[in-house]
Each structure stands twice: as structure tokens, then as C-alpha cells.
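Read through the structure below, which is laid out as C-alpha cells, and then see the notes.
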Amino acid sequence: MKLYNTLSKRVEEFIPNEEGKVKMYTCGPTVYNYAHIGNLRTYIFEDVLQKGLEYLGYDVKRVMNITDVGHLTSDADTGNDKMLEGAKREGKDVMEIANFYTEEFLDDMRSLNIKVPEIIVKATDCIPTYIEMIQKMIDEGYAYLSNGNVYFDISKAKDYYKLSGKNPDDLKIGVRDSVEEDVAKRNPADFVLWFTVSKFENQILKWDSPWGVGYPGWHIECSGISYKTLGEYLDIHCGGVDNIFPHHSNEIAQSEAFLGHKWCNYWCHGAHLNDKSGKMSKSSGEFLRLALLEEKGYSPLDYRYFCLNSHYRNSLVFSYESLDIAKKALAKLRNKVMALDSSMDVEEEKMRPYIKKFKESFENDINTSMMITVLYDVLKAEDINDTTKLAIVKDFDKVLSLDLCAVQEKEINDSFEEEILAKIEERKQAKADKDFKKADTIRDELLSKGVRLIDSREGTTYELI
Ligand code: AMP
Ligand code: ZN
């Protein structure tokens, strides 16, 4: 398996710490609003990475955090708390906001066939871990207390800029230009581990700590959750490219200061999805979220297919024209799969070369568009029978998760057939009762499940679409 590692800036052979096992950490959402489809692109890439590794036979333990406290709108420590902003905007309390948007996020994940990580941890559930880590960093001289807050001293970190490749002078200019400098810091790039002096009025979530009542900085959350759930060594850490600096750079600095050794070997970052204006935004213009795409007639899996057609390290521009192309291509693909005859014998040895090519495409730094090309090769192949093709498609779909065989599966599923026949009967009765609205609703409901009703003088039959 070859993966591009942001740490070394090259494609590297992937070797986990423990043979056959992968510990994977993926930064999760800040639950102050819905996820936009850019965020979802990153989660789709992480899902393919996890499933692809599992396809290769690795046992993957994946963790994701839910940031429900302390994510600032600006990466400098002077921004506003996104959670508080969300609560203010909607007149709710912070926990209501967090719970609501966490559920919405998980719904989006499920609609996109993203496997919900085995372990999801809320930032507010790990306060004692952050306190333990911060205390050790203070004791060992990596962190200091100033003006009521605890800061990480980046000059003590081993090669603080190794992940981002930035240089301190660029950053000084950035800090001077964009935000007022925090005079409590020893170095401009130092960051807060624990706030006791809140910049926010009505700071609701607060905990007692050795340094006073306060709350954790954003970055310590991921280091703490990873340490608590995955231990001292991590194989892969993922996120979008915007996370490289400062978030992931700070995670490395504090985790390695606390642990006293290298922490994570592979850092994988997904490039952004942008709209035509150049940036995906949750506040200005049309908020591009999954529900909006659905309103416009696209299914979540049309969007997943759209994402899989490009490489995760290339930035991608969203347009409805491109999504249209993806939607049509996916429908065609499903039709081809549906037309396959499932009554023949599977010739397993004929599956092997295609599976090998599919694996190689994944192993080549997650080349999803090549994986899809292999899928098309299977459907076009003349040397394998339909049922073997179907078996291969089903196998590939463990990673692609595009429900490519859903209709085929429905076809062989007796209980689904019973459900359709019962609905047809119910609709017949509704028509007899002159309840045409109900009859139409039943027809549309079945259509949305891929079943088209055909009315004739002899009665109603159906076809799977
Ligand atoms: P957030 O909820 O802002 O913390 O972001 C959640 C995830 O989405 C993080 O991994 C970000 O790096 C990623 N992300 C943010 N904006 C985009 C974008 N436009 N395209 C792809 N991923 C993004
Ligand atoms: Zn994180």
C-alpha cells in the first residue's frame, strides 16, 4: 500500500506499527451547523481509505472526534467560539446545538454510505485526559501559564514546522496583519491549551482545572481523544488540507511533547472541494449541503460517485453540471449491473485478475477513478459470465459503497417482493375508495425504492428500475 504522507511530502510504502492492524484517527466536525458538501468530500475520502484497508485485510480501528466545545472561528486564539455563535444564532443552548448537528452529521454520513467510525468521542467527554496531558507538559517545560491561560511553547517542540513546511517569518507577517497579537504569548505561534480567561461572554461549558475554571483549546481535543482511545502510537491521521496548519501541527507538537516520542507515522490530507467562487462557505450564498442536493433531485450517492471520480489530493470544483454527469453515469452503471443474469455459476478464478487490478489501484495512493475504471472493465469484459461479473461488482462495492447491486439484491429478496405486492393491493383499495392521493403516494413511494408500477386492464404489475 502506497500513501502520500504530508509529513515526508512523498508517496511512501504504508507499514503499520502492528502487523495487520491500523490505528486511524480522523478529525470530526465542529457541530455548530450542518456539514457542507466540502466537509463531506473529506469524510468520503477517509471512508474509502478505511474500507480499502479493510479490503486488503487490515483490521482498522478508527476514531473520530465531535468538537462540541472551543473551536474558534479564527485559527489565531482571538476568534469567536463557533459553538457559541451557533447557539446565539438559533436561540438555543450549546448542548442542544451540539446534539442536533451531531445527529444531522451522522445522518449525512449514513446517506453517503460512509461507515460511521467504530469510536466517536465528544470533546466534552475527555476533559480529565486533557488536564492530565497539559499538567505533564507544564511540568516538563513545554507549556506555561500566562495571564490565566495555559499556552504551548512552540520553541520547545521538535521541529514545529515539519508537517506544514511553513517558515516562522511568513507566520509572523500573517499574525501581524490579521489579528491583534496576544501579548501573553512567548512566541506569536504559541497556542492555548487551556483557557481560564474566556474572551466570550456567557461561556457556558466550563470545568474545574488546576489552573482555574475554564475550557480546553481546540487542538488538545484531538490529541487527547486519540491518546485515550488509541494509545501512544497512531498509524494514520486524516483531515482536510486546511487542518495541516495550525491544527495538525499543534497536535503533533503537544502529543509528542506529552508522549516523549514520535506519535503518528502517516498524515493524509484530502484536498478541498470549492464552489465556483473559490471557497466553500457555510455562511455566504447558497449553503451547499447534502439536503440541498437532494432537494434538487440528486441522491447522496450521486455525490459520492462525483467525488470518487477525482483523486482525493486534487482540489475539485463543484458544479451542478458535473454532478449531472455523475448522476447519469451512476444510473447507467446501475442499469448495466441490473441487466446482469444472476443465475449462472460464479467462476472464482476469473475474478482474480480484476480484483488484483482493483486492489492495485487502491494501493496506488487511493486511486479511486482507476478503481471505477476497473469496474467498467469488468462490465465490458467478454471472457467472464454475468454472474461472475455480478460477484465482482458486489465485491468492489464493499469499498466504493455506491449500492451498485441494490436492485439486484432486491430482486432476489422475497420479503421485498411481498412488500411490493402488499403495496399494490393497498393502492388498488385506495383507488376503489377513490382516494387517488393515497394511490399516487404509494406509487411514488415505490418509485423512490426503484420500483415502477405498470397499470393495465389486466391489473398492476411492476418493474425494477
Ligand atoms: P470542520 O467541521 O470545519 O472542522 O471541518 C470538518 C472536516 O472538513 C475537516 O477535516 C476539514 O479539513 C474538512 N474541510 C473543510 N472545508 C473543506 C472543503 N472545502 N473541502 C473538503 N474538506 C473540507
Ligand atoms: Zn482534529
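Just follow the structure's listing: the first ligand is 1, and inside any ligand the first atom is 1.
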- Item | Under-4.0 Å heavy-atom contact with ligand 1, by part of D242 that carries it | side chain

- No-hydrogen, no-angle side-chain donor-acceptor test under 3.5 Å, N5 and E12: yes

- Message: Does ligand 1 come near enough to M280 that some N or O of the ligand is less than 3.5 Å from an N or O of the residue?
- Response: no

- Item | salt_bridge(E46, R62) N-O dist < 4.0 Å | yes

- Query: Is there any N or O on T30 that sits under 3.5 Å from an N or O of ligand 1?
  - Reply: yes

- Item | Rounded distance [0.5 Å steps], CE in M371 versus NZ in K359 | 11.5 Å

- Atom CE of M370: over 12 foreign heavy atoms under 6.0 Å: no

- List every atom of ligand 1 that sits less than 4.0 Å from any heavy atom of T42, numbering the atoms from 1 in the order shown and giving each element. 10 (O), 13 (C), 21 (C), 22 (N), 23 (C)

- Query: Strictly by modelled atom types, are H272 and D242 linked by a side-chain donor-acceptor pair under 3.5 Å?
  - Reply: yes

- Min heavy-atom dist H36 to ligand 1 below 4.0 Å: yes

- Item | H247 near the Zn ion (ligand 2) via N/O/S, less than 2.8 Å | yes

- For G239, the ligand 1 atoms whose distance to one of its heavy atoms is below 4.0 Å: 10 (O)

- Over 12 non-hydrogen atoms of neighbours within 6.0 angstrom of NZ in K9: yes

- Query: From C222, does some N, O or S atom reach closer than 2.8 Å to the Zn ion (ligand 2)?
  - Reply: yes

- Task: Would you check the N or O atoms of N39, main chain and side chain alike, for any that come under 3.5 Å of an N or O of ligand 1?
- Result: yes

- Would you say L273 and ligand 1 have an N/O pair spaced under 3.5 Å apart? yes

- Item | Minimum heavy-atom distance between A184 and Y144, given as atom pair plus value | O-CE1, 3.8 Å

- Message: As an exercise, identify every atom of ligand 1 less than 4.0 angstrom from a heavy atom of N243.
- Response: 9 (C), 10 (O), 11 (C), 12 (O)

- If you measure every N/O of G38 against every N/O of ligand 1, is any gap under 3.5 Å? yes

- Task: Rounded to the nearest 0.5 Å, what's the gap from CD on E251 to CG on N243? Could you check?
- Result: 8.0 Å

